[in-house]
Chemist: 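Would you mind keeping the following structure in view while I ask a few things?
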Amino acid sequence: MTSRTPERPSAQSTVATPARPAVRPAEAVIIAPGIAVRGHLITRGPIRREGPAKLTGDARYADDLVFPGAWYGATIRSNLARARFLALELDPGFDWSTVVVVTAADIPGEPLMGAVKGLTPDQPVLVPVGGDIQHHSEPLALIAAPDRRTLRAARRAATVRTEPLPPVFDPLDSDKVFVSHDVVAGDLAAGFAAADMVLEGEYRMGHQEQLYIENQAMIAVPTDDGGVTVHGSLQCPYYVHPALMRALAIDARQARVVQAETGGGFGGKEEYPSLLAIHASLLALKCHRPVRMIYERHEDIAATTKRHPAVVRHRTGVLRDGTLVAQEIEVILDGGAYCTLSPVVLGRSTTHAGGPYRCPNVRITSRAVRTNTPPNGAFRGFGAPQVIFPVETHLNRIAEALGISPLEIRRRNVYRLGDVTPTGQVLSSSVAGLEVLERAAEAVDFDAARAVTHRARLTGQGWDAVATSPLRSPVRASASGIGIALAWHGCGFTGSGELRYNSIVTIELDATGQVRVLAANTEMGQGTRTILPMIAAQALGIPSDEVEYAPQDTALVPNSGPTVASRTAAIVGGLLVNAARKLRAEVEARNDGRSFARVYREDAARHGASRASDQFKPFPGQPFDEHAFTGDPYPAWGWAACAARVDVDLDTGEVAVREVVAVDDAGVVIHPILAEGQVEGGTLQAVGYATIEEMKVQDGRYLNDRLSTYLIPTAVDAPRITAIMVEAPFDGVPHGAKGLGEMPMDVGAPAVIAAIHDATGIWIDRLPATPERVLAGLTASAGANESGRPGSGGHDRPGGRP
Amino acid sequence: MPVEPPVETPRDLAEAFRLMALSPRTPIAGGTDLMVRITGEIGSPPDQVLDLSRLEELRGIALEDGRLTLGALTTYAEIRRSGLVARSLPVLAEAAATVGAVQIQNRGTLGGNIANASPAGDTLPLLLALEAVIEVGGARGERSIPADQFWIAYRTTALAPDELVLRVRIPLVEARQVRFRKVGTRRAQAISKVVLALAWEQADRKDRWSHVRLALGSVADRPIRARSTELYLEGSRATLETADGAAETVAAEIRPIDDVRSTADYRRQVTARILHRIIRDAGGW
């Protein structure tokens, strides 16, 4: 059993509803110096704060908000992937005085926007007449009308005239590079020269849609001072705020951003809400009324950001015993039409490309390029899943070629304390790669499970019985397999991201005696509104239900940075602990050292309101050079392993993921049930990425832009998921947290693909492993098996592409 | 911003027939297809909608003259729950269970599946293989249309503009074996990539197959019978040679397409392989 650090929020320190039975949290067990593991997570931690309102339907999402007299807004979009915008023709038969129309000419401020501070502003708020259209859903004009019927009629009466230009759809054909990197460590040529074996591979992944339950939604309300207040579904109020100031040429006080209850984000509401907020505001300022812009699902999928498609190439040199000696990796991300967040996503892809493995000689080249599809953006994992699937699958192929088990090759190469990464970071603390790997292997009895598959293969029930000619059912109707994968995930922003934001968190004790956390970090289903008060309460020594969480409204809360990069619990939580300690010290000092818990209400009555803040300070360690890509890209790394069991239908190629054991090191766990929820949700998204989620693109347009055609796993497709939490605390923050939300997304897909291989002998090198690709692999392996080599699925067959 | 077309709700079948005779209206039962088209703004919206929900004449499941009769408003949930279906034709409950999700099964109706005439309609291949008869009617009277004459082209039925689907009659045959298989992208709430229904008669397991009916969905512009393959299987036994020949015949017989859900190659192969599997299982080898 581990001793709890005093800062550590715990079930004991927080008051839960007393009616619930007291179930003790699973005891943490020390598994290595400074590293603990928890079993099944049951605790009576506080219920999530917005949970009852969401369950009863009382929660007010943007579309539930009523603004009397509000008009309805709509977007006129391109109809071609690349074109010149010649004219917007308004049918004179329609009474245009009943509506307002906004074009690029109506933008008072900057006509181009960038995703965030420091990135190239290259995306037009609206394409001007005469300007270039770069993707199929590009906004060209906006219309607002007093009611939906008029709006519909106005949309029909507006026609876009365009002249087609040649588009680029294949990222390998693009000559427009948004950003590129070249990371070199050691001597690659010498590494390959020393290798006993060199293996090459190419891996591809397509778009993935976030598919939050609530579509993008924004309501803009003009204010008396010529400014605007927006209420919307969003992750980052302080991304929207400067975007409004820039585009509308208004000052910080004139722009106000209020988060409505948000029905999921997953990165999809990181940057896009800025554009939608500008659109709604332009209309509101022109018609002098509130304007509602609530996307339908079809428009939401067609126009908003997706996970970047990627092509990743590996050339790897290894010794006979599996030791990595050379890694040459090329990463190409398809950025879509505009730069947006691609440089930041590529940064994470680049730092994570080699996987959590020690290798002395490495070269990683990476680039993000333009194509004529809607811009790709943030999605849980943020560039890491696109490199973890390739490196993990490649390592499995190496292990198979060498006759080493997938578990053993990872044991031999995983980073240990003191190892040095390709950017030159010395991993000097909080390194738990081996621990998460061993816990996952142990939980599924990996070696024994592999032995079962192996025996089936030897007795003629394995791969040989799997392979068939295309029109014949094989002897066995299904095959089972198990796979394991390992990943690392850098804590918080890549490089100097935190320095750019200088985040501030404030805690106040108001004159009525109420304690309140003021931060801009949003609740979108992941638990911010519950865990930040827990962290503050722990530092103050009071029950968490005595701490309020202020609304995410830029008029009320300071800029504590965006709610992205799994940084809320780790970075914002750390600032909050420091701020709370300051407040506690101040109050206790003027009350003769009596504890904050005993005196704070009395103190407020006597002294009035008190506030304390903490601002981000750089972590110790080497600074990161964003051009050379050297130094410490993250102050710490989280570690994740995943073991998956699948059944493959050998007639149809359908993959059913039966069980996943996910082991994640989040530094410390703050709220075990919410943490387990994050692991389950992220795992299911990864299962979808691995097996069925495929955006089909034709001429730059998404063909399956509806819920009936873009399919994600349902409850009946979900595997049994077991979450095991490993805790290797990060000493750079007072409470030890490193972030959790993205790791399950990184590591699920390669585990599933490895399990498909174990079941069938085929390698899938292109996600998702659709039944079409799996079946192509199975039937190809029928011929290949005669020479004793299983085939490869989907490599040269564009299965699933229309 | 979908339109909201006007809706009329007749109280009985006579009133419904009278309204349909005035001018064609788009009937709505569960709305599981029509509402998706309206809210998704797919195609032009209907001018006038006829709500069938109060037509009690179109409800109910009964056994009449050796035939299972299902009213057009019978929902998939009712089919799944029906003791009569479970006893007399369990494969129909099996097929109903593959439609959409629970919510869709609560709303969606057999008559709607028939009238919507999607090439991917989940129950339609089963109705074809079972030689169901679809009874339709309007102000001019009622008539019966065999299932294999009902879906005449892409999303086109043999219904006259003033007619409604009233009920389905499925003959119950002794010694008939029926198999149903739907292949979709996920295990629920998925439009099919391939639907296959196979029926044959066989007094004893060792007998030759007779009266073979093979019907397929999602492999043509409408639900189809695979008649060459039926002919191939007629009078044969469930051997490996039969299975190989039937698989090759069906693969050559169908003309599936590439679309947003799957590819022509995949559909052809999977149709052949699941047919092969059914024969393999029937032969027990």
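Throughout, protein chains are lettered first and strands after them, A, B, ... in sequence-line order, and every chain is numbered starting at 1.
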Chemist: Counting distance only, does the side-chain N/O of A/Asp717 pair as donor-acceptor with the main-chain N or O of B/Arg187 below 3.5 Å?
Modeler: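 Answer holds: yes.
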
Chemist: Report which part of B/Ala251 has an atom under 4.5 Å of a heavy atom belonging to chain A: side chain, backbone, both, or neither.
Modeler: side chain

Chemist: Does atom CZ of B/Arg155 have more than 12 heavy-atom neighbours from other groups under 6.0 Å away?
Modeler: yes

Chemist: By a 4.5 Å heavy-atom criterion (distance strictly below it), what part of A/Arg706 contacts chain B: side chain, backbone, both, or neither?
Modeler: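 It is the side chain, since no backbone atom gets that close.
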
Chemist: Taking all non-hydrogen atoms of both residues, which atom of B/Gln269 and which atom of A/Leu471 are closest, and how far apart?
Modeler: CA-CD2, 4.1 Å

Chemist: So B/Arg181 and A/Glu654, salt bridge (charged side-chain N to carboxylate O under 4.0 Å, His left out) or not? Walk me through it.
Modeler: CA-CA 13 Å; B/Arg181 178 79 193 264; A/Glu654 293 165 290; 3.5 Å; yes

Chemist: Pick one of side chain, backbone, both or neither for A/Ala715, based on which atoms fall under 4.5 Å of a heavy atom in chain B.
Modeler: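 It is neither, since no heavy atom gets under 4.5 Å.
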
Chemist: Is it the side chain or the backbone of B/Ile42 that comes within 4.5 Å of chain A heavy atoms, both, or neither?
Modeler: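 The side chain, not the backbone.
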
Chemist: For B/Tyr266 and A/Leu775, indicate whether the former's side chain and the latter's backbone hold a donor-acceptor pair under 3.5 Å.
Modeler: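 No, because the side chain of B/Tyr266 does not come within donor-acceptor range (under 3.5 Å) of the backbone of A/Leu775.
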
Chemist: Just checking B/Arg107: does its CZ atom have more than 12 heavy atoms from other residues, nucleotides or ligands closer to it than 6.0 angstrom?
Modeler: no

Chemist: Please classify the contact between B/Ile279 and chain A as side chain, backbone, both or neither, with a heavy-atom cut-off of under 4.5 Å.
Modeler: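 Neither the backbone nor the side chain of B/Ile279 comes within 4.5 Å of chain A.
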
Chemist: From the options B/Arg267, B/Arg261, B/Lys193, select the one residue that forms a side-chain contact (heavy atoms from CB on, under 4.5 Å) with A/Glu772.
Modeler: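 Exactly one option meets the side-chain contact (heavy atoms from CB on, under 4.5 Å) with A/Glu772, and it is B/Lys193.
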
Chemist: Given that the side chain runs from C-beta out, which part of B/Arg280 has a heavy atom under 4.5 Å from chain A: side chain, backbone, both or neither?
Modeler: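 Only the side chain of B/Arg280 comes within 4.5 Å of chain A.
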
Chemist: Could you pull out the closest heavy-atom pair between B/Ala190 and A/Leu711, with the gap in Å?
Modeler: CB-CD1, 4.2 Å

Chemist: Whether the side chain of B/Arg277 engages the backbone of A/Ser473 through a donor-acceptor N/O pair (distance < 3.5 Å, no angle test) should be reported.
Modeler: no

Chemist: A/Arg773 and B/Asp265: salt bridge (charged side-chain N to carboxylate O under 4.0 Å, His left out), yes or no, with the steps?
Modeler: CA-CA 11 Å; A/Arg773 290 187 184 126; B/Asp265 280 355; over 6 Å; no

Chemist: Which atom pair, heavy atoms only, marks the closest approach of B/Val260 to A/Lys696?
Modeler: O-NZ, 2.6 Å

Chemist: Would you find a donor on one side and an acceptor on the other, under 3.5 Å apart, between the side chain of B/Arg186 and the backbone of A/Ile712?
Modeler: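 Yes; at least one donor-acceptor contact below 3.5 Å.
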
Chemist: Calculate, to the nearest 0.5 Å, the distance between atoms OG1 and CD belonging to B/Thr185 and A/Glu694 respectively.
Modeler: 9.5 Å

Chemist: Are A/Asp651 and B/His276 close enough that some pair of their side-chain heavy atoms sits under 4.5 Å apart?
Modeler: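 When only atoms from C-beta onward are counted, B/His276 and A/Asp651 do not touch, as no gap falls below 4.5 Å.
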
Chemist: Donor-acceptor pair, distance only, cut-off 3.5 Å: does the side chain of B/Arg273 make one with the backbone of A/Pro470?
Modeler: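 Checking the backbone N and O of A/Pro470 against the side chain of B/Arg273, a donor-acceptor pair under 3.5 Å is found.
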
Chemist: State whether the number of non-hydrogen atoms from other residues, nucleotides or ligands found under 6.0 Å of B/Glu4 atom CD is greater than 12.
Modeler: no

Chemist: Quick one: what part of A/Thr652 sits under 4.5 Å from any heavy atom of chain B, side chain, backbone, both or neither?
Modeler: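 Both parts, heavy atoms under 4.5 Å.
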
